[in-house]
Amino acid sequence: MEYSHRSRLLLVCSVLVLCLVTRGARCDELTSDFYDWTCPGVYDVVQQQVFSAMREEPRMGASLLRLHFHDCFVNGCDGSILLDGTDGEKFALPNQNSVRGYEVIDAIKADLENMCPGVVSCADIVAIAAGYGVLFSGGPYYDVLLGRRDGLKANQTGADNGLPSPFEPISSIVQKFADVGLDTKDVVVLSGAHTIGRARCVLFSDRLTSTKSSADPTLDATMAADLQKLCTGGDGNQTTALDVSSADVFDKQYYHNLLSKKGLLTSDQGLFSADEDVVASTTKALVQTYSDDGEQFFSDFGASMVKMGSIPLPAGSAGEIRCNCRVPNKK
């Protein structure tokens with residue numbers, strides 16, 4: 001059934017009124033059926049665009065997943081990472097030459113604005129796209145909860161300081177997860193997203209030589225030699241697969257790699273090889289569990305993605321539904 005622009009706006013208003021009547025103050029609650037009445041074709045549009053993008057470049061699945069992760073860790077999942085401007089999050093140090101997929105989100109948004117203008121938030125588009133990125137890479141299906149609103153401004157400082165770094169010890173990463181309501185299990189589970197995607201030499205070259213001019217002892221010697229050949233003489237932007245065994249397939253192989261010292265990043269291998277303490281013993285046990293049980297990994301990954309996708313926005317953040325994901329709406 002096709003709706004006119006005016007009819008669709010009336011329908012949106014009616015749904016909001018119904019929400020107020022039935023849920024009271026909980027209209028900001030995320031649900032899997034949020035767009036069933038206002039934009040029922042949203043999943044088809046996102047699915048088609050993500051499938052097309054991944055057919056051209058399988059790595060895009062990982063890029064869309066990273067885009068969602070980096071959005072949610074700064075001010076909650078509000079699409080603020082998409083905003084242009086030199087003070088934007090996309091120009092924060094952890095995101096430069098790292099986060100990709102903006103054009104895919106733009107294409108999805110354009111299609112949805114033609115279908116149901118002013119209805120689907122950019123933040124929800126990112127969340128759905130990440131889910132399909134996982135699914136089309138061979139990973140689990142999970143219900144993506146929807147109903148987010150788009151932030152009005154970016155937070156570059158928050159991105160610089162709040163995003164976990166591949167150079168940090170596991171204890172610091174666990175604390176950053178705790179700061180947004182996630183726990184140690186979520187750290188290990190969501191790190192499993194590195195079963196797909198690539199990383200630049202600048203993010204792991206510190207492991208190839210140390211003060212003793214030898215490779216990190218927690219890095220497999222043959223792998224270290226191969227990486228040294230890749231990175232030597234370059235500008236740090238050469239890339240290699242995060243999962244050396246199955247680069248574009250979402251599976252449990254990431255955890256097998258950690259057991260044999262083949263985690264690419266310090267933050268990856270640290271989940272299994274960090275010095276023993278309460279945190280390290282917990283992460284090590286979980287790595288062992290997921291290396292043995294792929295079904296458990298898939299189940300827990302879906303649960304942690306839903307949990308991450310529900311990180312709350314700062315108090316008082318009303319937000320909006322952006323017409324263009326790159327800029328706030330004009331007042």
I'd like to know if the side chain of [X] pairs up with that of [Y] as donor and acceptor (distance under 3.5 Å, no hydrogens or angles considered).
{"X": "Asn237", "Y": "Arg200", "value": "yes"}
{"X": "Asp251", "Y": "Ser246", "value": "yes"}
{"X": "Gln48", "Y": "Asp44", "value": "no"}
{"X": "Asp33", "Y": "Tyr35", "value": "no"}
{"X": "Arg198", "Y": "Thr240", "value": "no"}

Next item on the list: Mark yes when over 12 heavy atoms from residues, nucleotides or ligands other than Gln96 sit less than 6.0 Å from its CD; otherwise mark no.
Entry: yes
Margin query: Tell me whether Tyr102 at atom OH has more than 12 heavy atoms from other residues, nucleotides or ligands lying less than 6.0 Å away.
Written below: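 Yes, enclosed.
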Check: Does Asp111 have any salt bridge (charged side-chain N to carboxylate O under 4.0 Å, His left out) partners at least two apart in sequence or in another chain, and if so, which?
Finding: none
Note to self: Suppose we screen for salt bridge (charged side-chain N to carboxylate O under 4.0 Å, His left out). Which residues come up paired with Asp84, at least two apart in sequence or across chains?
What the structure shows: Lys90, Arg326
Is the shortest side-chain N to carboxylate O distance from [X] to [Y] below 4.0 Å?
{"X": "Arg149", "Y": "Asp78", "value": "no"}
{"X": "Lys307", "Y": "Asp186", "value": "yes"}
{"X": "Asp220", "Y": "Lys262", "value": "no"}
{"X": "Asp216", "Y": "Arg207", "value": "yes"}

Would you say the side-chain atoms of [X] pair up with the backbone N or O of [Y], donor to acceptor, closer than 3.5 Å?
{"X": "Ser172", "Y": "Glu168", "answer": "no"}
{"X": "Ser121", "Y": "Asp150", "answer": "no"}
{"X": "Gln296", "Y": "Asp293", "answer": "no"}
{"X": "Gln238", "Y": "Gly236", "answer": "yes"}

Margin query: Applying ring pair (Phe, Tyr, Trp, His ring centres under 6.0 Å), can you list everything that pairs with Tyr254, at least two apart in sequence or on another chain?
Written below: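 Result, ring pair (Phe, Tyr, Trp, His ring centres under 6.0 Å) vs Tyr254: none returned.
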Identify whether [X] and [Y] are in the same connected component of the hydrophobic contact network (ILVMFWY, side-chain heavy atoms under 4.5 Å).
{"X": "Val306", "Y": "Leu30", "result": "yes"}
{"X": "Val104", "Y": "Leu135", "result": "yes"}
{"X": "Val126", "Y": "Leu83", "result": "no"}
{"X": "Ile311", "Y": "Val187", "result": "yes"}
{"X": "Ile108", "Y": "Ile128", "result": "yes"}

Kindly give the heavy-atom pair with the smallest separation between [X] and [Y], and that separation in Å.
{"X": "Leu82", "Y": "Arg322", "result": "CB-NH1, 4.1 Å"}
{"X": "Val50", "Y": "Tyr132", "result": "CG1-CB, 4.0 Å"}
{"X": "Glu113", "Y": "Val119", "result": "OE2-N, 4.4 Å"}
{"X": "Leu219", "Y": "Gly263", "result": "CD1-O, 3.9 Å"}
{"X": "Gly88", "Y": "Gln156", "result": "O-NE2, 2.8 Å"}
{"X": "Ile321", "Y": "Val120", "result": "CG2-O, 3.6 Å"}

Checklist line | Check against side-chain contact (heavy atoms from CB on, under 4.5 Å), Leu182 and Leu190 | finding: CA-CA 10 Å; Leu182 303 178; Leu190 294 175; 4.2 Å; yes
Next item on the list: Determine, step by step, whether Gln253 and Ser291 satisfy the side-chain contact (heavy atoms from CB on, under 4.5 Å) criterion, reporting the C-alpha distance in whole Å, the side-chain angles of both residues, the deciding distance to 0.1 Å, and the verdict.
Entry: CA-CA 7 Å; Gln253 190 61 45; Ser291 70; over 6 Å; no
Within the structure provided, determine whether [X] and [Y] are in side-chain contact (heavy-atom separation under 4.5 Å).
{"X": "Leu145", "Y": "Ser32", "answer": "yes"}
{"X": "Asp268", "Y": "Leu242", "answer": "yes"}
{"X": "Glu56", "Y": "Met60", "answer": "no"}
{"X": "Ser137", "Y": "Val134", "answer": "no"}
{"X": "Asp300", "Y": "Lys185", "answer": "yes"}
{"X": "Tyr142", "Y": "Ser299", "answer": "no"}
{"X": "Ile125", "Y": "Leu112", "answer": "yes"}
{"X": "Ser273", "Y": "Gln269", "answer": "yes"}

Interatomic distance, [X] atom [atom1] to [Y] atom [atom2] [nearest 0.5 angstrom]:
{"X": "Lys284", "Y": "Leu259", "atom1": "NZ", "atom2": "CG", "value": "9.5 Å"}
{"X": "Asp243", "Y": "Ile196", "atom1": "CG", "atom2": "CD1", "value": "10.0 Å"}
{"X": "His194", "Y": "Phe250", "atom1": "NE2", "atom2": "CZ", "value": "10.5 Å"}
{"X": "Leu146", "Y": "Asp124", "atom1": "CG", "atom2": "CG", "value": "4.5 Å"}
{"X": "Lys176", "Y": "Asp179", "atom1": "NZ", "atom2": "CG", "value": "9.0 Å"}
{"X": "Asn95", "Y": "Arg66", "atom1": "CG", "atom2": "CZ", "value": "9.5 Å"}

Next item on the list: May I ask you to decide if the ring planes of Tyr290 and Phe297 are parallel, tilted or perpendicular, using 30° and 60° as cut-offs?
Entry: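 Ring orientation of Tyr290 relative to Phe297: tilted.
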Next item on the list: Classify the angle between the aromatic ring planes of Phe177 and Phe69 as parallel (below 30°), tilted (30 to 60°) or perpendicular (above 60°).
Entry: tilted
Next item on the list: Please list all pairs passing the disulfide bond (SG atoms under 2.5 Å apart) test where one or both residues lie in residues 57-114, with sequence neighbours left out.
Entry: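 Every pair satisfying disulfide bond (SG atoms under 2.5 Å apart) with a residue in residues 57-114: Cys72-Cys77.
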Next item on the list: With sequence neighbours excluded, give me every disulfide bond (SG atoms under 2.5 Å apart) pair touching residues 122-157.
Entry: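 Residue pairs passing disulfide bond (SG atoms under 2.5 Å apart), neighbours aside: Cys122-Cys325.
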Checklist line | Check against side-chain contact (heavy atoms from CB on, under 4.5 Å), Leu264 and Leu227 | finding: CA-CA 9 Å; Leu264 182 63; Leu227 293 173; 3.7 Å; yes
Checklist line | Which residues share a side chain to side chain donor-acceptor pair (under 3.5 Å) with Ser63, sequence neighbours left out | finding: Arg100
Next item on the list: Using side-chain contact (heavy atoms from CB on, under 4.5 Å) as the criterion, point out the one residue from Asn257, Leu258, Thr218 that pairs with Phe272.
Entry: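 It is Leu258; the other options fail the test.
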Next item on the list: For Ser80 and Asn155, run side-chain contact (heavy atoms from CB on, under 4.5 Å): C-alpha distance rounded to whole Å, both residues' side-chain angles, the deciding distance at 0.1 Å, then the answer.
Entry: CA-CA 8 Å; Ser80 57; Asn155 183 358; 5.9 Å; no
